Amino acid sequence: MSPVVILTALDLEYQAVREKLAGLRLHRHSQGTLFEVGRLADGRCQVVLAHVGKGNLSAAVLAERAIAEFRPAALLFVGVAGALHTHIALGDVVVATHVYAFHGGTSQDDGFKSRPRVWETSHAADQIAQHLHRTGAWAGDLDPRPQVHFGPIAAGEVVLNSRLSEHAHWIREHYNDARAIEMEGAGVAQAGHLNRALPVVVIRGISDRADGTKEATDREQWQPRAVANAAAFAAALAEELSTEEPTTRSSAMPDTNTNVAKGNAHVGVQAGIVHGGVWITPEASRQADLPEALAGFRSRLWQAWADGYLDEATYKAAETELGTADQALESETSDRKNALTLALKKLRGLVGDVAALAAELTAIIALAQSLS
């Protein structure tokens, strides 16, 4: 089962989601970004949690990083927002059907002309979220039970706290169907769009009315109350999204057939179902395939740990050897082929109890040995 990535902008949003998780462990990205990985305490979905800070730019960059590192089934952004309509109450939850990036435009002599970008939530994810809302089970023991609103969300780079400002008039004139306004949704939506249309859902708890009363509502502790509601909906949605993966994507480690040909023999593969790729040891260098092969192996290594096939100590040691292999591949020294092969063989020894991983490494080692 692939994980679901959940991103937040504020620490209180992060803590609200974190309270829903169990068995947390720290995962450090090679560029220093810290992720926490665990499972939903009341479910079986694997969740990757990260704090991205404020703004669409940082949200987009770290969303892309999370997608590349964990290959998730979906990406959720959870946080607070300001309501743009009076019928949406404090504490309610807004689920984006599409996200407006409203700051785009062109300035001309006769005024500013809007050139927005829009990303729609995937149909499948929207259908699951709507069904979850209709059943009502997601709310659990929340009292009072918040309303859930589906509709557009406006994402920009400023905090709106006025109904009279020029900015407020602009939003009402050009985006009057937006239910709420926030600062990160456009970034994560773009990251999902650029990664084979990965399902992205933005979920916001309403903590203010974007009307000049934000300081008062913050003093009344509406931020933690609102994000607790959003986190509850997000947790339930993550569980549903994780179980909706195609049946061809299995949480079990697949069996792998490996054939080695010697002399004039030919290699064939016999299997009812072939999971992943079929690797044939090349006669010529296939150096370009190695980075992709190592990246794919890293994802399956993590999955094996998450599914209980590897213990924590073995997983960390394997990650260390995999990092050594990455460094050897990137080096320009004459000894890089030997260093790469040695690291991969050590790695194979560590994961030898997981037949599928060991077999995959055998194929990768063959690629490494073909380097010139």
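From a predicted model like this one, the values you see are computed outputs, not experimental measurements. We're numbering straight along the sequence, starting at 1.
The number of heavy-atom neighbours closer than 6.0 Å to CG of Asp353, taken from other residues, nucleotides and ligands shown, is 12 or below. Atom CD of Glu120 has 12 or fewer heavy atoms from other residues, nucleotides or ligands within 6.0 Å. Atom CD of Gln108 has more than 12 neighbouring heavy atoms from other residues, nucleotides or ligands inside a 6.0 Å radius. For CD of Glu312, the number of neighbouring non-hydrogen atoms (other residues, nucleotides, ligands) closer than 6.0 Å is greater than 12. Annotation: Arg25, atom CZ; neighbour count of heavy atoms from other residues, nucleotides and ligands within 6.0 Å is above 12. Remark: Arg134 CZ is packed, more than 12 non-hydrogen atoms of other residues, nucleotides or ligands lying under 6.0 Å away. The 12-atom threshold is not exceeded at CG of Asp141, counting heavy atoms of other residues, nucleotides or ligands nearer than 6.0 Å.
Remark: the backbone N or O of Thr97 is not paired with any side-chain donor or acceptor of Asp126 at under 3.5 angstrom. Not a single donor-acceptor pair under 3.5 Å links the side chain of His98 to the backbone N or O of Gly151. Judged purely by atom type and a 3.5 angstrom limit, Arg39 uses its side chain to pair as donor or acceptor with the backbone of Arg44. Judged by distance alone, with hydrogens and angles left aside, the side-chain atoms of Thr213 form no donor-acceptor pair with the main-chain N or O of Arg209 at under 3.5 Å. Side chain of Glu13 to main chain of Val80: a donor-acceptor pair is present (N/O by atom type, distance under 3.5 Å, no hydrogens or angles). The main-chain N or O of Val93 is never found under 3.5 Å from a side-chain atom of Asn229 such that the two would form a donor-acceptor pair. Side-chain N or O atoms of Gln127 include none that pairs as donor or acceptor with a backbone N or O of His123 at under 3.5 Å. Listed for the Thr341 side chain is a donor-acceptor partner under 3.5 Å among the backbone atoms of Lys337. Judged purely by atom type and a 3.5 angstrom limit, Arg225 has no side-chain atom pairing as donor or acceptor with the backbone of Ser207. In terms of modelled atom types and a separation under 3.5 Å, the side chain of Asp311 and the main chain of Thr314 share a donor-acceptor contact.
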CA sep, side-chain torsions, deciding dist, call: Arg18, Leu24, side-chain contact (heavy atoms from CB on, under 4.5 Å)
CA-CA 9 Å; Arg18 195 176 190 271; Leu24 287 165; 3.7 Å; yes
Run Phe77 and Val200 through side-chain contact (heavy atoms from CB on, under 4.5 Å) and show every step you take.
CA-CA 8 Å; Phe77 200 97; Val200 174; 5.9 Å; no
Should Leu7 and Val78 be marked as a side-chain contact (heavy atoms from CB on, under 4.5 Å) after you check the CA-CA gap, both sets of side-chain angles, and the distance that decides it?
CA-CA 6 Å; Leu7 304 179; Val78 179; over 6 Å; no
Working note: Leu371 + Leu290, criterion side-chain contact (heavy atoms from CB on, under 4.5 Å); need CA distance, chi angles, decisive distance, verdict.
CA-CA 10 Å; Leu371 288 175; Leu290 271 168; 3.9 Å; yes
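For an aromatic pair to be called close, the ring centres must be under 6.0 Å apart, and His174 with Tyr100 fails this. Taking the six-membered ring for Trp and the full ring otherwise, the centers of His149 and His85 sit at least 6.0 Å from each other.
Contact of the Leu340 side chain with the Thr324 side chain is not registered, since no non-hydrogen atoms from C-beta on lie closer than 4.5 Å. Residues Arg300 and Arg71 are in side-chain contact: their nearest non-hydrogen atoms beyond the backbone lie under 4.5 Å apart. Arg179 has its side chain out of reach of Leu84: every pair of non-hydrogen atoms, C-beta onward, lies at least 4.5 Å apart. With a 4.5 Å cut-off on side-chain heavy atoms, Leu237 and Phe233 count as touching. Annotation: side chain of Val99 is not in contact with side chain of Arg117 (no heavy-atom distance under 4.5 Å). Val4 places none of its side-chain heavy atoms less than 4.5 Å from the side chain of Leu75. Contact check for Val5 versus Leu76: no side-chain heavy atoms found under the 4.5 Å cut-off. The shortest side-chain heavy-atom distance between Trp302 and Val37 falls under the 4.5 Å cut-off.
Linking Ile, Leu, Val, Met, Phe, Trp and Tyr residues whenever their side-chain heavy atoms come within less than 4.5 Å leaves Leu57 and Met183 in two separate clusters. No path of Ile, Leu, Val, Met, Phe, Trp and Tyr side chains, each step under 4.5 Å between heavy atoms, connects Trp119 with Ile128, placing them in separate hydrophobic clusters. The hydrophobic clustering, which links ILVMFWY residues whose side-chain heavy atoms are closer than 4.5 Å, places Ile88 and Leu90 together. Tracing side-chain contacts under 4.5 Å through hydrophobic residues (I, L, V, M, F, W, Y), one reaches Tyr315 starting from Leu361; they form part of the same cluster. In terms of hydrophobic clustering, with Ile, Leu, Val, Met, Phe, Trp and Tyr side chains grouped at heavy-atom distances under 4.5 Å, Val52 and Val158 are assigned to different clusters.
The distance from the CG atom of Leu49 to the CD1 atom of Ile6 is 6.5 Å, given to the nearest 0.5 Å. Rounded to the nearest 0.5 Å, atoms CD (Glu69) and CG (Leu62) are 12.0 Å apart. Atoms CD1 and OG, from Ile171 and Ser165 in turn, are 9.0 Å apart once rounded to the nearest 0.5 Å. To the nearest 0.5 Å, atom OG of residue Ser370 and atom CG of residue Asp289 are 8.5 Å apart. Taken to the nearest 0.5 Å, the CD atom of Glu239 stands 13.0 Å off from the NZ atom of Lys20. Atom CG of Leu347 sits about 8.5 Å away from atom CG of Leu357, to the nearest 0.5 Å.
Considering all non-hydrogen atoms of both residues, Gly185 and Asn56 come closest at N-OD1, 3.5 Å. Taking every heavy atom of both residues into account, Trp138 and Pro146 meet most closely at CH2-CG, 3.6 Å. For Lys113 against Trp170, the heavy-atom pair with the smallest separation is C-CH2, 4.4 Å. Annotation for Ala50 and Leu34: closest pair CB-O, 4.3 Å, computed over non-hydrogen atoms. Taking every heavy atom of both residues into account, Ala73 and Leu198 meet most closely at O-CD1, 3.7 Å. When all heavy atoms of Thr121 and Ala96 are compared, the closest pair comes out as OG1-O, 2.7 Å.
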Side chains of residues 327-335: which donor-acceptor partners sit under 3.5 Å, not counting sequence neighbours?
from: Ser331; atom 1: OG; to: Ala328; atom 2: O; distance (Å): 2.8
from: Asp335; atom 1: OD1; to: Asn338; atom 2: ND2; distance (Å): 3.3

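For the residue pair Arg348 and Thr362, a side-chain donor N or O sits within less than 3.5 Å of a side-chain acceptor on the partner. Between the side chains of Glu240 and His131, no donor N or O sits under 3.5 Å from an acceptor N or O. Between the side chains of His51 and Asp11, no donor-acceptor pair is found at a separation under 3.5 Å. For the 3.5 Å distance criterion, the side chains of Tyr14 and Glu36 qualify, holding a donor opposite an acceptor.
Note: Tyr175 and Phe102 have tilted aromatic rings, judged against thresholds of 30 and 60 degrees for the angle between ring planes.
Checked options Gln303, Arg65, His27, His29; the residue passing with Phe70 is His27 (criterion: side-chain contact (heavy atoms from CB on, under 4.5 Å)).
Between Lys214 and Asp211 no salt bridge is recorded (no basic side-chain N to carboxylate O distance below 4.0 Å). Salt-bridge check for Arg204 with Glu184: passed, with a basic side-chain N closer than 4.0 Å to an acidic carboxylate O. A salt bridge links Glu319 with Arg298: at least one charged nitrogen is closer than 4.0 Å to a carboxylate oxygen.
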